[in-house]
Engineer: 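My questions will all concern the structure given below.
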Amino acid sequence: MIKLAASIGPLVLAACAAAPPQDGTPAGAAEPGSAPSTHPHEVRGVAVDPTGVDARVRVALVNSGGSTSMNYGGGPFAIDSHSSETYTLVASTEDGRIDWIEDVAAGSEGHALSPTAQGGFLTVGVEGRDSLRVGIGQGDTRTADKTVRGPDGSRFVVPLGEVWVEAYAWEDGKRRIFDRITLSVEPKAELVWRVDAGTAMSFSLE
């Protein structure tokens, strides 16, 4: 049973100066042009930007267990999921565009991503604790999930419309959610959420 509690952590929605994305470091991904991998969990495809804008692309495999991502200049990609689970395959650009494919199986190939839909930006910071996991999604689709450290935190590209955001940690094999909010995202909006883990009420998922 999930027991929901009202959020009492501070929420700041504010205009702020654009900054380079901080939401991704290469992890478990083969560089484009490298020798083919025989890893059974590797996902392969191509991310194409038909707008012609010269923007770096972040490709990520995301599910409720976390994410694996790589940053590169677009084109063919190969990214290792490290498990046999199902993922959302997400491509986003540093200027805030996003695309995704749901229900991508580990080891699959031939995926085509075209990050043309304009999204917004959300920076999440953490206080009262060294770090928390942050999951972001729309409806049943999780588009981001990564560890956020410190009050400056990480910057995410998020879809337009209603988006949910949760701050959580794994403790004793259970997901402990410290706070969860819903935001309305407009094109190129710059939103900021700082989670105070010392005061935010939390609940656990059995």
Side-chain angles (χ1 to χ4, degrees), residues 12-34 43-63 66-81 87-102 104 111-126 131-138 141-165 167 183-195:
V12 181
L13 299 181
C16 58
Q22 305 172 31
D23 61 328
T25 55
E31 289 295 327
S34 63
V43 173
R44 289 177 169 268
V46 61
V48 177
D49 180 4
T51 66
V53 177
D54 185 16
R56 290 187 63 79
V57 178
R58 176 179 184 257
V59 174
L61 289 170
V62 183
N63 66 12
S67 65
T68 301
S69 66
M70 63 180 289
N71 292 317
Y72 75 124
F77 64 83
I79 184 168
D80 192 352
S81 66
Y87 298 84
T88 301
L89 179 61
V90 184
S92 59
T93 63
E94 58 190 0
D95 60 354
R97 289 171 288 125
I98 189 168
D99 186 27
W100 65 82
I101 303 172
E102 299 179 40
V104 171
H111 303 289
L113 290 160
S114 180
T116 57
Q118 183 64 57
F121 298 96
L122 171 64
T123 298
V124 182
V126 176
S131 65
L132 284 172
R133 297 287 305 184
V134 172
I136 299 173
Q138 192 168 62
T141 302
R142 184 176 293 257
T143 60
D145 194 296
K146 65 167 288 184
T147 299
V148 170
R149 295 179 173 86
D152 292 336
S154 296
R155 187 171 183 248
F156 299 85
V157 176
V158 294
L160 298 185
E162 187 173 285
V163 173
W164 54 261
V165 189
L183 302 174
S184 180
V185 181
E186 297 181 355
K188 297 186 178 181
E190 289 279 358
L191 306 177
V192 178
W193 183 38
R194 290 189 174 86
V195 185

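Counting from 1, the numbers follow the sequence of the chain as shown. What you see is a predicted model; the values in this text were computed from it and never measured.
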Engineer: Could you give the distance from NZ (K146) to CZ (R133), rounded to the nearest 0.5 Å?
Structural biologist: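 Nearest 0.5 Å value for the NZ-CZ distance: 8.5 Å.
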
Engineer: Could you go through Y87 and R142, starting from their C-alpha distance and side-chain angles, then the distance that decides it, and tell me whether this counts as side chain to side chain contact (heavy atoms under 4.5 Å, CB included)?
Structural biologist: CA-CA 9 Å; Y87 298 84; R142 184 176 293 257; over 6 Å; no

Engineer: Taking all non-hydrogen atoms of both residues into account, name the closest pair between T147 and S131 and its distance.
Structural biologist: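 That would be CG2-CB, 3.8 Å.
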
Engineer: If you round to the nearest 0.5 Å, how far is CD1 of I79 from NE2 of H111?
Structural biologist: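 These two atoms lie 11.5 Å from each other.
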
Engineer: Got a sec, which residues hit side-chain contact (heavy atoms from CB on, under 4.5 Å) with V158, two or more places apart in sequence or on another chain?
Structural biologist: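 Once residues adjacent in sequence are excluded, the partners of V158 under the side-chain contact (heavy atoms from CB on, under 4.5 Å) criterion are L122, I136, F156, V185.
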
Engineer: Where is the tightest heavy-atom contact between G96 and Q118, given as atom of each residue plus distance?
Structural biologist: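 Minimum heavy-atom separation between G96 and Q118: O-NE2, 3.1 Å.
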
Engineer: Do you know the tightest heavy-atom contact between A167 and L132?
Structural biologist: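 That would be CB-CD1, 4.0 Å.
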
Engineer: Taking Q138's backbone N and O only, do any of them form a donor-acceptor pair with E162's side chain (distance below 3.5 Å, no angle check)?
Structural biologist: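 No.
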
Engineer: If you take all heavy atoms of G153 and V148, which pair is closest and at what distance?
Structural biologist: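 Heavy atoms only, the tightest pair is CA-CG1, 3.6 Å.
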
Engineer: Do the side chains of E190 and R155 get close enough for a salt bridge, i.e. N-O under 4.0 angstrom?
Structural biologist: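 Yes, this pair counts.
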
Engineer: Roughly how far, to the nearest 0.5 Å, is CG of L113 from CG of L89?
Structural biologist: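 So the gap between those two atoms works out to 4.5 Å.
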
Engineer: Mind running side chain to side chain contact (heavy atoms under 4.5 Å, CB included) on D145 and N63 for me, showing each step along the way?
Structural biologist: CA-CA 7 Å; D145 194 296; N63 66 12; over 6 Å; no

Engineer: Below 4.0 angstrom, N of the basic side chain to O of the carboxylate: do R97 and D95 qualify?
Structural biologist: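 The answer is yes: the pair qualifies as a salt bridge.
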
Engineer: Looking at CD1 of I98 and OG1 of T143, how far apart are the two atoms once the value is rounded to the nearest 0.5 Å?
Structural biologist: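 Answer rounded to 0.5 Å: 5.0 Å.
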
Engineer: Look up atom OG1 in T141 and atom CD in E102, then write down how far apart they are to the nearest 0.5 Å.
Structural biologist: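 Here the rounded value is 3.0 Å.
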
Engineer: At their closest point, which heavy atom of V48 faces which heavy atom of V46, and how far apart are they?
Structural biologist: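 Looking at all heavy atoms of both residues, the shortest contact is CG2-CG2, 3.7 Å.
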
Engineer: Compare every heavy atom of P115 with every heavy atom of A91, then report the nearest pair and how far apart it is.
Structural biologist: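 For A91 versus P115, the nearest heavy atoms are O-CB, 3.8 Å.
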
Engineer: State, with a plain yes or no, whether a side-chain heavy atom of V195 is found less than 4.5 Å away from one of V124.
Structural biologist: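 With C-beta onward as the side chain, the pair touches.
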
Engineer: How many angstroms lie between atom CE of M70 and atom CG of D80, to the nearest 0.5 angstrom?
Structural biologist: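 M70 CE to D80 CG: 12.0 Å, rounded to 0.5 Å.
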
